[in-house]
Structure formats: structure tokens, C-alpha cells
Amino acid sequence: MRYRYGTDIGLKREENQDAVRCEYYGHNVLAVVCDGMGGERAGKEASALAIEEFFQRFSAGYTESMGDEDIRKLLVSSVSAANSVIYTRARLDFKNFGMGTTCVAAFVNKHSAFIANVGDSRAYLITDKQLLKITTDHNVATLLFEQGKITEEEMEEHPQKHMLVRAVGVEKTVLTDTFILDYEDKISLLLCSDGLSGYCSDDEIYDVILNSDFDDVADELINLALSKGGRDNVTVAVISD
Amino acid sequence: MDKNIGKKLDGRYEITELIGVGGMAEVYKGVDVIDNKTVAIKILKKEYAENEEFLRRFRNESKAIAVLSHPNIVRIYDVGFSEKIQYIVMEYIDGITLKEYIEEEKVLTWKDTVHFVIQILRALQHAHDKGIVHRDIKPQNIMMFTDGTIKVMDFGIAKFAREEGKTATDQAIGSVHYISPEQASGNVTDAKSDIYSVGAMMYEMLTGRKPFDSDNPVAIAVMHMHDIPERPRAINPDIPDGLEEIVLRAMEKAPEDRYQTTGDMINDIEAFKANPTMTFGYYQEEDDEQNKEDTINFAAPAAELADKAADAEPKSAAPVYAAAGAAGAAAGYAYGRAPQGGAVPPQRYQQAQPQGYYDEDDDDEYEEEERSSLVVPVLTAVVVVVIIVAVIFIATLLSGLLKNSGKKSDFTMDDFIGMDYNEAVSKYSNTIRFEVIDSEYAEYPENAIIWQSIEEGTEFNKGDTLKVKISKGMETTEVPNCLNMNQEMAKDQLKLRGLDWKIVQQSDPNVQKNYVIKTEPKEGTEVHKGSQVILYISMGANMDQVEVKNFVGMTAEDAAAVASYSGLKVKTEPKPAYEKEGIVVEQSIKKGEKVDEGTEIILYVSDGTDPDGEIPFKITFPSDARGRFVIDYIVQGKDGKRETYSSSNIIVPDYTDYEQIIPGSGENVLVTIKLTNLNNNSSATLGVYYFNFATGSIQVQSEDITGAFQTVGAFPEPETDPPTEEPWVDPTEYGPGTEDPTEPPTEATTPYVDPSWQPGVNGEYDSNGAWVPYEQGKNGDWMTNEDGSTTWHWYS
């Protein structure tokens, strides 16, 4: 199992509110991407806190012998832990009003990938044919699309495309989507913030992945986002075996 | 004497005479003693009854015809497959075969030909639609009635087109005179093989000659594979051009060049019938080509091939009728032109040496046996297999020789696969004529060449035609609906569309475990065939706790979305309510309660209709009223519909009051209460009210209980015994929710009671808003008006 990750402030923002971390647990890998929100450094703090708390909680709960359901639950409680910490911090200081973060996490062991998601950062499965989006974006536009009120095209252009309906640290509790993907021989996953997925098509992303050395894949993906204008912070993590 | 004659099969079919003998079966005329009709009975020969292969084929025939039902196909009535005897009971046809007819007539008129062929095609169309290919279409399998009706029979080697796989005997059986090239070469046969055979029959009907003939069936089969038959009009110039085109098109060597369906062929024949002078122009291009130098020419290899065949097989097929005489050569059809220039007369296969492995048992001779029967002339299996093997062997040998046949060539063919068609044409149009014969979906970009008829490296001549197939690009399909299907069904749906999938499990309280929650991409999205779709399969609900939010006042859609987002299982139920339709008016779990994820919450949603309610209404009777009464409650709904509820009979003074529960819906419903005295049948209005079923409150518009009793004559001595004791009805008794108790009656501020206003309550509000009861003789008195009604007058 290998991973590569990277984050970049982009070309337009004054601050990088994204955060990313990948770690080995034995041969298994845990990767987390967070995209913070809120002004006055609150966004940056939120994503950093989330990653810190997430890994702390996961490491405390993780054992080699965990079953699938236990791993899934551990991911959920790690998100919940991050949520509590940010929520509490936000209440302590009015400056932190609206502080929150997205959080997409993937834990990959030798037979399955476990994915937890809150917000609009994404996890993709990279197959030999294409890029397949696993997670659902928790924003207003997607919600309207899923309700059938707007078309896919309208969703792409929707003014509330970036307005989240779920985020870590905004409410007392948070509901986390979890996904389990069993695999046989090989698996490759991409986690990214909307600085990549919001400005590049799946095909463009897939092309870059196909045509990059694994060692450079994170940088190449960031370059792709920058080539599209770099309007947002961009963060990627690629796991592959 | 045949041992079978006189037998009765299954106690029903009496065998009367032998009418034909086929390769593996005998056919008898018989009588169905139950239905009392003549039938044909085909009985598998004893010697074959133990052979699995024969049994299979024999049963196959019955299976094939059994699914067919068409006026032009011989009907099958019954089958008997016992250990002792195998038979098929069929329609008895008193007629002759088309073979016999052709022999008698020599050449058929085009009108007769068309008349017969259309019927044959219709029969085949029916069979093809059912997925059955006949594979042995020949004149001896076509029966004719004297009125010209045709019946196709002998589906003995018919193939269910959808059956996969081939067996040796499936490959190249059938009569060699009408055999399609693909059948002769042992390739896969389909409906288009039947079309070829029909074309070959038509050829014979119109010209009186079989397209190819030889003493050697192997040579015939080879010719079907490689040779161009002589042009029909060269033999019989009376054949109309259009009909000739139809024959030629049906007999194209490559199945893809033929009519693709019997329907297509019927359409052309019908068009031709409507206008026999028409032409279709199918062979226009070849006309042009005629003038070019090195026109690719099938006749050339054919002739060579025949030569080689002669070498390969000692003195086998002689030079095949190359240039079919001057007429043929002059005709604008590329066909039949041999480089040698037409020295050899057509239709001569001079060699005649029988092959070692091949008996005298010629196809034709063999058919002779059958005579005028509806029988199945089937080659014996042995011969069939030998022919197949021989044909395939020779064909392979010949094509090998053909490749090296040292014709002088100008160029070597390039590899065009993957090249854009337009680019290829612009680069090579000087040397190669390109002909697009088909376009298919492929992984190559649109318009790229994906197949070429002449292989790379093969030598070819300038101006030769290279047939190519081009790509239509990647085939797309829509993501099918998979929602709420179980995993396996959903996979089948995707498989049907040629899509691949990945399974992602997700917890979802609203979707049953193992069922599809959603797909990515979504249903209806256009995707390339072979691409992948994520199936999100529900793992059921998590056991996390969820705090229930308030949903009342939200639209049902929003509430359902929010509730399911928060992990609740949502059920909505419509409910009549005064809120706008679609608004949640009630939720089964209170706001703030903590429940397990996946707990079901029922959201009651207003359906916009008024809810039903009921209001109890109590009337206290004047104490001195006497008699039997009925009270009617007339409820006038919003839509103007009146509903009347009636009390039971009330005997006063046994009853001192009466309460009726009045059902209804709406907020402002007019209720009129009527009193009827059963003793004299006179009625009077007791009161008029507005009921609010939403709140259960009542607004009194007018009420005069005593007055009503008086009107109906319920007081024996009204003058001497006025209802002083009569308890008045407190309006507040109708419920504290009364909209505005101070409002009715509005006139109560004045002591005078307007007679036009339904006379009063048993008291009135004074100017200070205080209730003052009527106390007859003390503060006022009843006065009788001119109309007989009474009005309260206060003492001043």
C-alpha cells in the first residue's frame, strides 16, 4: 500500500484552509482530507483541529483485529470526536462563529476500503476504466438534485453549490456517511477537496492520474487545479496498492 | 407389405399407406380416428431409433414446427416418442413438391415465381421471428396445392437460432444445390442462409437451371462458396431486370450483402410486383467498374479455384463456367467475367469421376425416392458428415492455394485499421477504391477503419475495391434504474446494458439491507458501454442515536429530506388538515427525543382537505312542553351539500334535554336545527348556528327553543302556563372556543328584538354586555306578531 498527498493554497486565496494527513497502521493506510470554513483563521483552525482529533481518536481506538463494522464505527466516532472539539471551540469564541470543516477519510486494509464523509470533499475510486465518485456532496445543490428539483447541469452551476448542509463542528452532533468497498486484487482511491473536483472534470483528473508516475501524482493533480485558475485551496491524497 | 400399415398408433392414428421414404424416416398416410381426418405420419426408421443423433434431430423437427403456426408452414398435430416408435403426426397435404412442379414446367413465369416465393418468405419470416432457421430450403421441401398455395416443410435440421454452439452435424448439412456459402464452409448459419437458399431456388424457377450444378456435390458446395453463377437474364432474357436484382441480392456471397431479413426481400418483391419495370440499382456501382481495367473479379479466382480443385481432387471440377457467354459478358454485371474470356461454355462440369468417399448416392437421386410425398428427404448422416468434412477440407486447401495464386499485382495492401476513413481515402484514392460496407460501435474513434477486406501485406491491383467497416465510436447506453432492487437484480440490469459495476456498501435507514440505494452515475445518465457504475448497497441502518428535529410546518419534501439525512426512516401519511396541502402537521416522534438511527418517524402531511370533526349539541327543552318530537340537524357543507341528521323520537317531558353528536368538517358550517311535532307534523326552526369543526366551537346565529315549541303547538296551555321556569341555554355551554361570545346576537345591545331577525334566545345581552334572561311578566313579555310568530318585548 502506497500513498501520496499534497495541498496547495492555490492562486487566489490568502490562506490555505485545507488540511491533509496520511498514516500507516501496519500495512493499512488511513488518509484524511479536510476543507475548513469560517473567517479570521477559523477555517484553517477547524480543518487542522479536525485532522488532529480524528487521528488521535482513530489511533486510540484502532486494533489490528478489528472487524469491518468496528472499523466503520471507529471512523464515525473519529468524525464525531472532531465535531465535538470544533463545536466546543466555536462556542468559546464569537470570532469562531461559523467555524467548521469538511472531512473525508479513507481507511484501506487488504480487502476493503472504508470511507467516511461529511461535506463536499470527495472520495473517488480509480479503476482501470475511469474515475468513480463514491461520496455524496453535502451541499444545497446536490440535495436539490437528489430531490429531482434541478438537473445535473443546474447543479454544476448552482449558486449554492458550495453551501454545505452538513459539516463537522457546526452542530452539536454530526451525521457521517460511511461506505465500504470490498476489493480483490488492487485498489486505488483519490481523496480531494473541492479545489480539485470543483474545477476539473472527472475525465481530466483521470487523465492526469493515468499519465503520472505514482510519485508525482499528487503534484500533477495540484498542477491540474492550478492550471484551471487555482481559485480555491487544493488538496489531494492518493492511495494505491 | 410394409409392416407398419394397418397399425394404429396411440390408439388414434391408423396407418393406411406408405407415401414416401426419406433418409431417416418413412412417411405414411393415415387417419386420425378421433378427429376423423387424414394425416401424414412420419416415423423414424427402426435402424435410426437407437442413434442419439438421429433421435435428437427427429425430435428437433417436432420441436421446431411445434412453435410455428403459419398458413404456409405444414402443421404438426401430435408427436409420439415412445421407446418403441418415434413419430410425428402432421397435416396431410395432397399436392406436389415444388421440385416436381419445376421439373414439369421447366421454367416458371416470373408471376408464378413471385407468387410462390412470397409465400415461402412469409413462412420463413414467421420461423425467423421465432428464432428458427430452416437451413434446408429446397424445392423438394416446398409443397404446393393445386390452387398455388405453398407449404414449407421439413424442419428436420432446423436450428434454433439462439442455441449456442455447434456440433459437427450442425455445420454443413442441407441440400448442396441451394446451400449458402457460409453453410457450405461450415460457418455459423442464420436467417440470411435461408435467404440465400430462397434466392437459389428463385434462380432455378426463373431460369430452369440450378445456380451451380455438378455430379460432385463437393464441387457444388465449393462453387456456392466462391463462384458467381451465370446471370439469370443471360439464360432467360424474359426475366425482368428488377427481379434479377432481387435474385442476385438474395444470393450474395457475404451474408451482410444480402437482404438482412425476409421482410426486406418481401418488400422488394412487393415493390417489383407493383411495378415490374422497376429496377433497384443495387448493382449500379459494378456497372461503372465494368469499364475499369483490373476490376476485382470473383469469377477469376473462381475459375482458378476450380482448376486447383481439379488438381487437388483427381480430375475434379472443371473450369467453372466462366464468362457466361457473350450475353453475360456484355451485361453490366461484374459476374461471370473470367480473364480467360469466356471460352468455356457455362454449366459444364465435365469431370465426373466419383470420389472415393462419395457414393452414387447423389442428392438428386436420393430425392427421387421420395416421390410425391411430403416427406423429408434427408441425406443420410453418413453422407452428410462426409460432405462436410470434404467441403471444409477442400475449401481450406483451396483458399490456401488461392492466396499464392501468382497473379501479377501492383501493390501490397497497407494496414488501415485505426486510420480515419477520410484520411485513408484522401491518401490512397489513387490506388484503392474504398467501399464502406458497415459501421459498428467500437473502441476506435468515430469513422476510424476497424476492418478491411484485404489483409495487410496482401498483393492487390490498382483500382481494386477494399471493403472496410468503420467505427461508430463507442456505443453509449443509459444507466438503468436499479433503485430498490436487490444487488443481484441490479447487476443483471447493468449486465443487460453492457455495463460494469463496483459495489459500495453504505448504511441507509430507508433502504432494506442488500438493496440498491442509488447508483453513480444516476439513472438515465448516458455512459459508454462497458463503463462502470457504482451500486450503493444498503447495509441497513446504523445504531447511532439521532436527535429528532421539529418537522411540523415544513413541506413534506423538505421534512423527508432532512429527516432521512439525520438518519431517520421516514414515512409520510396524508391527513386532512386546515394547513396548506403538503405541509407537515404532526410528527410521530416529538422534537428533541433521542432515538436509534433508522427509527421510523411518521410525518403526517396535510392533504388539503378539511378534517372530519364532531360536535355534541345539547338542547334543553322547555319544562312545560309536551309531546313526541323529532329534531333534524341540517348541516350545510362548503360545497353546498346538505347532510341531515335526525334524532330518535323524543318524548317530552320524559326527556328534559337531548344531545346529538353532529359530524362534519370545515370551519364555518351552517347548521339549521328543526323541530317537528310528531303529533301534528308541524315543524319550526329551532335555531341557526355556525359550527366550527376545526375547533369544536359554535357560533349562534339565531335560536328560539321555546318559540319553536310554541310554533309546533307543544304547549297545551301556552297562555296560562308560560315557560317561566324554562332554563335558558347559556351560549357558552357550546364550548369556550366560541369565536366571539360577545358578538352574537349583535342586536342584543338594544332591548328591541327585530322581528325579521329570528326571534331570540332565552335572554339577551344588555348594553353593558351582561346577559339578561327573559323573565316573562317580570322584565318583559311575549307578543304575538301578525304572522303568528312571537317576539319578546321588554318592559320599559
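In what follows, every chain begins at residue 1, and chains take the letters A, B, ... in the order their sequences are listed.
- Considering A:Leu125, A:Thr135, A:Ile134 as possible partners of B:Val504, the one that fulfils the side-chain contact (heavy atoms from CB on, under 4.5 Å) test is A:Ile134.
- More than 12 heavy-atom neighbours from other residues, nucleotides or ligands sit within 6.0 angstrom of CE on A:Met1.
- Side chains of B:His528 and A:Gln130 form no contact here, defined as non-hydrogen atoms less than 4.5 Å apart.
- Once rounded to the nearest 0.5 Å, the distance linking CD1 of B:Ile534 with OG1 of A:Thr127 reads 9.0 Å.
- Here the side chain of B:Gln506 pairs no donor or acceptor atom with the backbone of A:Asp177 at under 3.5 angstrom.
- Looking only at distances, a side-chain donor or acceptor of A:Lys129 sits under 3.5 Å from a matching main-chain atom of B:Gly530.
- Interface remark: A:Phe145 contributes backbone and side-chain atoms alike to the contact with chain B (heavy atom separation under 4.5 Å).
- Interface remark: of the candidates B:Ser531, B:Ala561, B:Ala560, B:Ser531 forms the most heavy-atom pairs closer than 4.5 Å to chain A.
- Shown here is B:Glu573, whose CD atom has more than 12 heavy atoms of other residues, nucleotides or ligands within 6.0 Å.
- Inter-residue side-chain proximity for A:Ser112 and B:Gln505 is flagged as unmet; no heavy-atom pair is nearer than 4.5 Å.
- For the set A:Lys133, A:Lys172, A:Glu152, the count of heavy-atom pairs under 4.5 angstrom toward chain B peaks at A:Lys133.
- Within the 4.5 angstrom heavy-atom criterion, only side-chain atoms of A:Val165, from C-beta onward, approach chain B.
- Heavy-atom neighbours of B:Lys513 NZ from other residues, nucleotides or ligands within 6.0 Å: at or below the threshold of 12.
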